[in-house]
There are 4 protein chains.
Amino acid sequence: MAKRTGEKYEAIIDAAIRVIAENGYHNAQVSKIAREAKVADGTIYLYFENKDDMLISLFNEKMGAFIETVREATARVDSPSDQLRELMRLHFAQLEENPKMAIVTQIELRQSNRKVRQGIAETLKKYMDVIDDIIRSGIEQGIFRPDVDIRVARRMIFGTLDETVTSWIMNGCKYSLMDQVDPIHRLFLDGMGKEAPLQRDAHSEKEGNA
Amino acid sequence: MAKRTGEKYEAIIDAAIRVIAENGYHNAQVSKIAREAKVADGTIYLYFENKDDMLISLFNEKMGAFIETVREATARVDSPSDQLRELMRLHFAQLEENPKMAIVTQIELRQSNRKVRQGIAETLKKYMDVIDDIIRSGIEQGIFRPDVDIRVARRMIFGTLDETVTSWIMNGCKYSLMDQVDPIHRLFLDGMGKEAPLQRDAHSEKEGNA
Amino acid sequence: MAKRTGEKYEAIIDAAIRVIAENGYHNAQVSKIAREAKVADGTIYLYFENKDDMLISLFNEKMGAFIETVREATARVDSPSDQLRELMRLHFAQLEENPKMAIVTQIELRQSNRKVRQGIAETLKKYMDVIDDIIRSGIEQGIFRPDVDIRVARRMIFGTLDETVTSWIMNGCKYSLMDQVDPIHRLFLDGMGKEAPLQRDAHSEKEGNA
Amino acid sequence: MAKRTGEKYEAIIDAAIRVIAENGYHNAQVSKIAREAKVADGTIYLYFENKDDMLISLFNEKMGAFIETVREATARVDSPSDQLRELMRLHFAQLEENPKMAIVTQIELRQSNRKVRQGIAETLKKYMDVIDDIIRSGIEQGIFRPDVDIRVARRMIFGTLDETVTSWIMNGCKYSLMDQVDPIHRLFLDGMGKEAPLQRDAHSEKEGNA
DNA sequence: GATGAATGAGTCTTCATTCAT
DNA sequence: TATGAATGAAGACTCATTCAT
């Protein structure tokens, strides 16, 4: 029923991003999005099943393309450490270039209902898979510690990137996200600790015995 | 106007947590919360300015107590590294003990409108301050690297804890969060990298020059 | 949930009858009915589950009372023939006295959706039962022919009354329905035929053999 | 503008009957009928002024042919009593042979708006004229009582047939309508009463004097 | 003649909040 | 203090109809 391609399809999605970013999720009425896209209200329903479907499509369309970009970019790099940096660089670059999209995905779309968030989660899962692949390679290639729990590390990476972007938006997008790539990358690889790993391991064991 | 104490004040907040956790944010009507709290709809407005105020109060009331707990607990520990572990331990423990509260703060309250999220942000800032204090101490005491950017590290820590809890809830609270304290603590302190810090530094510099 | 009694309950039902009779089923918006009843739109939903429920209630409320009236009136009469006349008299009287109600039940409510018509059908069934009882008594008392099929006779009686009222409305309620009680009653009892029953029976048999 | 003949004209009407019978009046969208007729939505407007016109045409086309059939059939019979039986027989036969058409005319089309029902009424009037003619002949030929009011008798006849068919559909078209021709015909001619007409006349006069 | 993408008017229902008691 | 009946604003979606091709 719903035609998921075409000029108007793109126009509606782009209009939705603008309207949601500028008015907030709860003030993004279908009629407002239609007006912004220069189509009739009913036209939206020729391209999307309903409003939820439009929001999910919006996210998947943009996020899907981003994931593809990340996959291709990381494939061109050998070292998992550099792949991770590339992923971070692209993650920040993509949102820094599209602050409206950033607002929509980081802030507004999180207010959506269960249905929308589930639709989003599926695509997000694919991004997690990309991160997982990098971590796994790193472990296999002996770049990352063999005892790193992939899921734990993935949550650290995604959680940090996500929180960093949200903070950036909440503070008005005033500074450059790109400047944070290296500091964060360093934190991921080396941690905050100053001591040599060996010593810290000993410390950790002491804790474990306590 | 709004009386911010009393038996019914607490009853309403606790009822709100139960109702939101069980029905979801968008199905937590004032009348449903009133019924659960065994008061009349109008009574809620004797204790709260409006629904937003009730949700903000709910968060601040619970989060404020938690922050106090964390402050006290970390004050009893010397090493910033151990303070960080303690914070993580309490963070996970608190939410693992109150899954309903966890669902409300991690999932449902994020669907709230701008006003509520701003009210929440103020209290959250205090939690960030606690984290900042720990990092600052660590740097000052020479436990953490002096070139660690406090804000960057804080976002890593909070982002990771947040993502970890959200994941845990999304997966049905099936495993124990407490098991993740040490692996995450280790990641924060030592990073994922296998090489010695010195070598890794060199590597990092090479990257920087590239 | 829905409070099915009270002053406002009656006011809404009466307003609905007026609005539907004057504007037609498809132009009887909830907001128009609310305004006519001098209540807020939302108030209607304190007394009815939804618009369908309101229409079904309207019919059942009025029809239920009518059926009760008919039951009581026919109970005060001995002869099934007179009971039938009494039913017809009340049927016509009730609608002649409330032309708006007549328009609503005979014309407008028939345009309603499946749900409403099913809700109406249940109550209508009770009216059919009253007719059936009269016919059955008539047969048992030897007033009506023993070979009369109750269902067939009931459909004749109800169909005739219904068509008579619909015709009357379609022609602008210009003549008196009450004048038709006796002619119709006579038709029901004696039929249109001029010949003696015996002769006609013979005729009928001849037909049956043909 | 509207071309009222042709292959597609018939195809659209037949598609409309199927779609309405299967989906109900309120779910018989123009686009659904167009799809069923294997034409484009816009094509329907080359053959009909609008949707109402299509429904009215549908009824008139089919009902007009039926009335013609009845006129011809009754013309081949002498006795008005037999003419009446023939009309009933054809009425039931026609609908029993086309249950979809029966559903459309007896149930679904009655939910239509004022305009459609008025368009239908005109054709229905012609059917009433056929019934009137039979009754008039019967009276003139001394077969029916001279004091029978033609309009009253016509409403009894039509109302009974109509209610009988509606009942039959509502009960799932499980029994044969044809079996009811003779019982109903007998009721029309002889009535339900057991007593001799003379006695009943006396009774009736007593009523009339009351 | 035929198409079908595009149009846009129209409405039921929810629920936070109030206020007379 | 407490009640809860009443309020009324606000929005997603459908579908008959048009018209450029």
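Since this is a predicted model, take the numbers as computed values, not measurements. A, B, ... follow the sequence lines: proteins, then strands. Residue 1 opens every chain.
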Subject >> chain B footprint on DNA chain F, 5' to 3' - any atom under 4.0 Å from a heavy atom >> reply: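 Nucleotide range in contact with chain B: F:dT1 to F:dG4.
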
Can you name the residues that form a salt bridge (charged side-chain N to carboxylate O under 4.0 Å, His left out) with [X], not counting sequence neighbours?
| X | value |
| --- | --- |
| B:K8 | none |
| C:K100 | C:E22 |
| D:D162 | D:R110 |
| A:D41 | none |

Original post:
Which whole-number value in Å describes the distance from D:Y47 OH to E:dT3 P?
Top reply: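 Computing the D:Y47:OH to E:dT3:P distance gives 9 Å.
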
Subject >> Distance, rounded to the nearest Å, where C:N113 contributes CG and E:dT11 contributes P >> reply: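 So the two atoms are 16 Å apart, to the nearest Å.
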
Original post:
Does the side-chain contact (heavy atoms from CB on, under 4.5 Å) test come out yes or no for A:M170 and A:I107, once each step is laid out?
Top reply: CA-CA 9 Å; A:M170 289 307 203; A:I107 312 288; 3.9 Å; yes

Original post:
Does anything in residues 111-122 of chain D pair up under salt bridge (Lys or Arg N to Asp or Glu O under 4.0 Å), and if so which pairs, sequence neighbours excluded?
Top reply: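 Those involving residues 111-122 of chain D are C:E108-D:R114.
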
**OP:** Sorted by first residue and then second, give each salt bridge (Lys or Arg N to Asp or Glu O under 4.0 Å) pair with at least one member in residues 25-37 of chain C; sequence neighbours left out.
**Re:**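 Residue pairs with at least one partner in residues 25-37 of chain C: C:R18-C:E36.
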
Subject >> 5'-to-3' dot-bracket of DNA chain E (Watson-Crick, G-U; under 3.5 angstrom; crossing pairs as [ ]; | other strand) >> reply: .||||||||||||||||||||

**OP:** Take B:V104 and B:L58 through the side-chain contact (heavy atoms from CB on, under 4.5 Å) test and state the conclusion after the steps.
**Re:** CA-CA 10 Å; B:V104 171; B:L58 177 166; 4.2 Å; yes

Original post:
So, A:N98 side chain and A:M101 main chain: donor-acceptor pair closer than 3.5 Å or not?
Top reply: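 Not confirmed, A:N98 side chain does not pair with A:M101 backbone.
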
Original post:
Do side-chain atoms of B:T43 reach the backbone of B:V39 as a donor and acceptor pair under 3.5 angstrom?
Top reply: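 Side chain of B:T43 to backbone of B:V39: no pair is present.
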
Original post:
Can you list the residues that meet the ring-ring contact (aromatic ring centres under 6.0 Å, His included) rule with D:Y25, with sequence neighbours excluded?
Top reply: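 Residues passing ring-ring contact (aromatic ring centres under 6.0 Å, His included) with D:Y25: none at all.
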
Original post:
What residues, two or more places apart in sequence or in another chain, satisfy ring-ring contact (aromatic ring centres under 6.0 Å, His included) together with B:F59?
Top reply: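 Checked B:F59 against ring-ring contact (aromatic ring centres under 6.0 Å, His included); zero matches.
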
Original post:
Taking the inter-plane angle between the rings of A:F48 and A:Y9 on a 0 to 90° scale, is it parallel (under 30°), tilted (30 to 60°) or perpendicular (over 60°)?
Top reply: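 Judged by the thresholds at 30° and 60°, the geometry between A:F48 and A:Y9 is parallel.
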
Original post:
Where along residues 4-25 of chain C does a heavy atom fall under 4.0 Å from DNA chain E?
Top reply: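 None, since no heavy atom is under 4.0 Å.
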
At a cut-off of 3.5 Å, list every protein nitrogen or oxygen paired with a nitrogen or oxygen from nucleotides 14-16 of chain E, distance to 0.1 Å.
unit_1 : atom_1 : unit_2 : atom_2 : d
E:dC15 : OP1    : B:Q29  : NE2    : 3.0
E:dC15 : OP2    : B:Q29  : NE2    : 3.1
E:dA16 : OP1    : B:K51  : NZ     : 3.0
E:dA16 : OP2    : B:V30  : N      : 2.8

Original post:
Taking for each residue the nucleotide of DNA chain E bearing the nearest heavy atom, is the 5' side occupied by A:V39 or by B:D52?
Top reply: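 Comparing both residues, the 5'-ward one is A:V39.
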
